[in-house]
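So you know, we letter chains A, B, ... as the sequences are listed, proteins then strands, and number each from 1.
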Amino acid sequence: MAISESTAQRYTAQDPDVRLMLQVRDDDAGAFEELMQRYQSRLVALMTHLVGKQDLAEDLAQDVFLRIYRARKRYVPGSKFSTWMYTIANNVASNALRGLSRRKEVNLVGTESGELGGNPLAAKALAASGLMPTRQLDKAELSEVVKIAVSTLNERQRMAVLLNKFEHLSYEEIAEVMEQSPSAIKSLLSRARANLREVLEPYLQQGAKL
Amino acid sequence: MKSSPEQLERIVAYLDGELSAEESAQVEQQLASDEQFRRELQSAQRAWSALDQLPMPHVGDDFSNTTMEMVVDAAQHDLEAKTIALPIQRRKRNTTNILLLAVTVLLAALMVRVIAQNPNRRLLADLPIIQNVDIYSQFESVNFLRDLREYLGEDVTSYTLSAEQLASKLEEHQLISDSDQRQDWLESLDESEKTSLRGKFNRFRELPDSRQQELRTLHQEIAAADEQEQLLPTMYVYQQWLNELEPSEQYELREQPDEQQAEDAATGIKRFLEDRTFELTPEQLRDLFRKAFPHMMRLKRAMDQQLESNPQNMSPEKVRRELMQLLRDNPKEFQRLQELIPQAVPPDVGEAFKQLDERQQLEQVRAWFLQHLHQMERGRRAGSRGRGAARPTEEELQNFFVEELDPAQKERLLALPTDQMQQQLIGLFQGRRARQRWKDRDGSPRWGRPEDRRGPQEGAPRLRGQPPPGERFGPPPNGDRGLGGPGRMLDGPPRGFEGPRGRRPGYFEEEEGPRRRRRAEGPRPEDVPPPREE
């Protein structure tokens with residue numbers, strides 16, 4: 001879709017990262033490095049929670065940065081820079097997860113319906129962790145439970161939750177990243193949060209020893 | 001009872017701020033009246049907040065390094081691809097050329113960035129700048145060296161650097177400027193040289209990126225200059241002279257515009273060379289007093305008494321007045337001195353002394369006299385006082401700030417953190433006072449104007465209220481002097497050394513083998529005195 005001149009100007013004026021990316025387009029290596037420094041931790045964190053392994057997540061994050069660099073000459077600011085970057089990240093992560101799924105390397109992926117009740121893996125994982133909701137958890141234990149809870153979400157739910165919770169993207173922006181409608185994202189997030197609550201609620205009722 | 005999916009959707013959208021004002025108002029109304037709805041919302045909120053406990057992975061330095069390396073590779077491939085594609089894109093030659101240039105620039109810039117992530121590679125990449133960081137930090141552009149060379153007017157290099165020293169410096173510069181030879185040069189350093197280099201490297205790394213880039217540009221400018229062979233020796237001479245200045249004096253000098261800085265430096269260097277001609281070692285000075293000044297003992301005793309009772313009274317001006325009076329009252333004594341002095345000092349000094357006119361000779365006698373008194377004073381103090389200028393009081397600093405600084409300086413200082421502001425203010429204060437003292441004595445700053453050079457005016461060479469410099473400036477005029485005296489610079493620590501002389505650009509402290517050693521404890525021109533404003 002062609003991006004109008006006024007849209008490009010608006011995002012250039014509003015988003016400093018867009019301006020940096022325009023410098024990258026003009027072969028400014030310093031600008032690229034600055035963008036990388038700004039986003040690398042967040043991107044690796046996002047990828048880690050998506051694929052479950054940090055080393056793989058770092059590889060994927062590097063792939064994202066490389067794609068950004070390669071796409072620099074075609075870059076036209078049609079959205080916030082972060083939205084554009086997470087769109088690339090979403091594609092990279094989806095491809096990787098498809099590959100992993102074929103090799104059955106991911107074993108903590110929820111069902112497409114997103115209902116925990118239909119996902120015995122989540123219950124198994126929590127049981128295997130020994131973190132039963134019968135006692136107060138300490139911070140590290142709660143962290144582990146949350147990690148498992150997130151891993152029970154399906155790929156799309158996880159992406160939406162992570163973008164919403166940690167990257168503070170609006171429904172509209174998440175919709176753009178994931179190429180869906182905002183209302184679909186609204187439903188997706190609602191289901192994801194219902195799943196999270198279902199897993200976490202028993203532990204949260206006990207409280208955590210923070 | 002769990003809420004319906006639609007209800008949960010509303011709750012979630014409400015929590016995410018995604019509802020319209022009207023929808024939000026409806027939710028809030030329900031919250032106020034519906035206990036179950038409220039619990040649902042709180043429960044969803046708790047689960048959402050729990051996500052804050054999700055562990056966040058740490059990204060190490062390797063990640064940035066390898067990512068940048070990958071990008072450099074990509075840039076390289078782009079370049080190759082475009083090179084291959086060139087023949088079939090002749091119609092777009094201009095466009096392609098521009099792209100090629102852009103990619104090449106990017107590639108180079110990225111390589112610099114990658115290198116910057118690795119200290120060893122960075123050391124090698126910036127070696128010529130790091131090795132010269134102290135002197136490069138003292139001026140802004142290659143034009144300063146051009147101006148300085150022009151102001152110096154004659155080949156002062158031959159007076160300050162031996163042919164061997166100069167050849168060695170130039171050879172070193174050539175080696176470290178050649179990226180293929182840097183590693184070999186680095187490996188040839190001994191431990192003390194490596195320590196010195198490490199110090200310089202650290203000082204370089206402490207500079208802001210923008211300043212580092214300026215120094216790289218300066219190095220490139222010098223390397224690209226047609227007259228590089230003349231500019232480099234000029235730079236070395238300048239550095240040697242700077243060694244003799246206090247940090248506050250260096251700072252004052254740096255604060256001037258390039259051309260003024262060059263003019264003042266040239267004047268200072270020339271004057272220093274003149275002064276050095278008459279520099280005597282403590283032994284030679286004692287010898288001079290023993291042989292030539294016995295009849296001046298009356299004055300000496302008077303001076304000694306004053307010195308004993310109150311060393312602060314021994315002002316150069318008082319010494320000058322009393323000495324002038326004494327010699328004016330006894331013209332024959334002065335004639336006798338004119339005969340005795342050339343016999344009591346080393347031959348080259350004696351010859352130079354004979355070349356001076358009468359007034360200059362009188363000034364030189366006064367200078368030696370003061371030097372002798374300072375030597376005695378120093379012996380009395382026995383190292384109990386440093387040689388730096390006295391630290392000003394708070395009140396002095398306040399008055400100085402209010403009355404003597406211009407608005408731009410005040411603004412710059414006020415923008416600094418308190419400790420840095422204090423440090424820079426003291427540096428400015430001491431530098432300004434030092435210049436005032438020189439003006440009071442000579443009518444010109446220490447590095448003065450050409451017309452103020454020693455000669456007809458009343459001014460004492462090497463009068464800084466301090467003992468003569470512990471290190472020699474350049475090679476000795478003949479083989480008899482220099483290496484054995486206080487001015488020896490190539491053979492161990494100088495006599496009369498009173499501890500570190502502040503952080504100054506350093507060269508030629510000693511020599512071992514074909515390459516001179518640099519100071520193990522390097523100078524800090526960017527540290528004290530305060531750095532030039534970025």
Side-chain angles (χ1 to χ4, degrees), chain A residues 24 26-30 32-33 36-37 40-45 47-49 54 57-58 61-63 65-66 68-70 73 139-140 142-147 149-150 161-162 164-166 170-172 182 186-187 189-201 203-205 208 210, chain B residues 2-3 5-13 15-19 40 42-60 62-64 66-75 77-78 99 101-114 116-117 209 213:
Chain A
V24 175
D26 295 337
D27 294 320
D28 182 336
F32 182 80
E33 191 180 19
M36 195 179 74
Q37 295 288 350
Q40 64 182 16
S41 297
R42 288 152 63 182
L43 191 56
V44 169
M47 289 297 192
T48 302
H49 297 312
Q54 189 174 341
E58 289 188 3
Q62 283 181 331
D63 192 15
F65 285 124
L66 201 58
I68 288 173
Y69 169 74
R70 286 188 167 136
K73 291 295 175 191
K139 194 171 179 177
L142 179 60
S143 174
E144 187 60 25
V145 167
V146 172
K147 192 175 160 187
V150 169
V161 163
L162 293 169
N164 187 221
K165 172 72 182 175
F166 298 108
S170 66
Y171 289 1
E172 196 175 349
K186 189 176 176 184
S187 300
L189 274 171
S190 172
R191 289 198 300 275
R193 288 170 77 151
N195 291 343
L196 285 173
R197 187 174 64 172
E198 194 163 338
V199 177
L200 292 173
E201 188 64 13
Y203 296 91
L204 297 175
Q205 279 174 351
L210 301 179
Chain B
K2 293 281 177 191
S3 51
E6 293 73 23
Q7 186 148 307
L8 182 61
E9 208 169 280
R10 275 179 70 220
I11 289 173
V12 169
L15 289 174
D16 287 341
E18 295 277 350
L19 293 184
E40 283 288 309
Q42 286 167 346
S43 160
Q45 205 164 18
R46 267 201 307 275
W48 196 238
S49 299
L51 290 186
D52 290 331
Q53 304 302 320
L54 206 56
M56 285 294 143
H58 171 72
V59 180
D62 281 353
F63 179 83
S64 325
T66 49
T67 309
M68 286 306 286
E69 280 168 9
M70 286 168 65
V71 171
V72 168
D73 281 347
H77 286 138
D78 281 0
L99 282 173
L101 180 65
V103 172
T104 309
V105 167
L106 178 71
L107 186 63
L110 288 178
M111 280 179 161
V112 168
R113 294 281 166 176
V114 169
Q117 305 294 328
D209 284 350
Q213 195 51 47

Donor + acceptor pair across side chains of A:Ser170, B:Glu18 (<3.5 Å):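 There is no such pair between these side chains.
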For A:Asp63, all residues meeting side chain to side chain contact (heavy atoms under 4.5 Å, CB included), sequence neighbours excluded: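 By the side chain to side chain contact (heavy atoms under 4.5 Å, CB included) rule, A:Asp63 matches A:Arg67, A:Val92.
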Top contributor to chain A interface from B:Leu8, B:Val12, B:Leu54 [non-hydrogen pairs under 4.5 Å]: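 Going by pairs under 4.5 Å, I would pick B:Leu54.
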Among B:Val59, B:Thr66, B:Leu51, residue most engaged with chain A (heavy-atom pairs, under 4.5 Å):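 The answer is B:Leu51.
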Tell me, side chain or backbone of [X] under 4.5 Å from chain B's heavy atoms, or both, or neither?
X	value
A:Leu162	side chain
A:Ser187	both
A:Ala57	neither

Structural part of B:Ser49 lying under 4.5 Å from a heavy atom of chain A: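 For B:Ser49, the contact with chain A is made by the backbone alone.
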Contacting moiety of B:Pro5, where chain A heavy atoms sit under 4.5 Å: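 Interface part for B:Pro5: backbone (N, CA, C, O).
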Qualifying residue, where the test is side chain to side chain contact (heavy atoms under 4.5 Å, CB included) with B:Met68 and the options are A:Phe65, A:Phe32, A:Tyr69: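 That would be A:Phe32; it is the only one of A:Phe65, A:Phe32, A:Tyr69 passing the side chain to side chain contact (heavy atoms under 4.5 Å, CB included) with B:Met68.
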A:Met36 CE to B:Phe63 CZ distance, which is reported to the nearest 0.5 Å: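 One gets 7.0 Å once the value is rounded to the nearest 0.5 Å.
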Spacing of B:Arg10 atom CZ and A:Lys186 atom NZ [to the nearest 0.5 Å]: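 One gets 9.0 Å once the value is rounded to the nearest 0.5 Å.
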Residue, of A:Glu172, A:Gln54, A:Lys147, that accumulates the most heavy atom pairs under 4.5 Å with chain B: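 Option with the top pair count is A:Gln54.
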Residues A:Arg193 and B:Glu9 bridged, charged N to O under 4.0 Å: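 Result for this pair is no, no salt bridge flagged.
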Exam field: side chain A:Ser143 to backbone B:Gln53, donor-acceptor pair closer than 3.5 Å: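 Checked: pair present.
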Under 3.5 Å donor-acceptor, A:Arg197 side chain and B:Trp48 backbone: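 A pair under 3.5 Å: no.
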Beyond-backbone contact of A:Tyr171 with B:Asp16, side-chain heavy atoms, under 4.5 angstrom: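 Result yes, sub-4.5 Å side-chain heavy-atom pair found.
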Flag if over 12 foreign heavy atoms under 6.0 Å of CZ, B:Arg46: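 Atom CZ in B:Arg46 is packed in, count exceeds 12.
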From CA spacing to verdict: side chain to side chain donor-acceptor pair (under 3.5 Å), B:Ser64, A:Gln40: CA-CA 8 Å; B:Ser64 325; A:Gln40 64 182 16; 3.3 Å; yes
Residue pairs involving residues 48-60 of chain B (criterion salt bridge (Lys or Arg N to Asp or Glu O under 4.0 Å); sequence neighbours excluded):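 Every pair satisfying salt bridge (Lys or Arg N to Asp or Glu O under 4.0 Å) with a residue in residues 48-60 of chain B: A:Lys165-B:Asp52.
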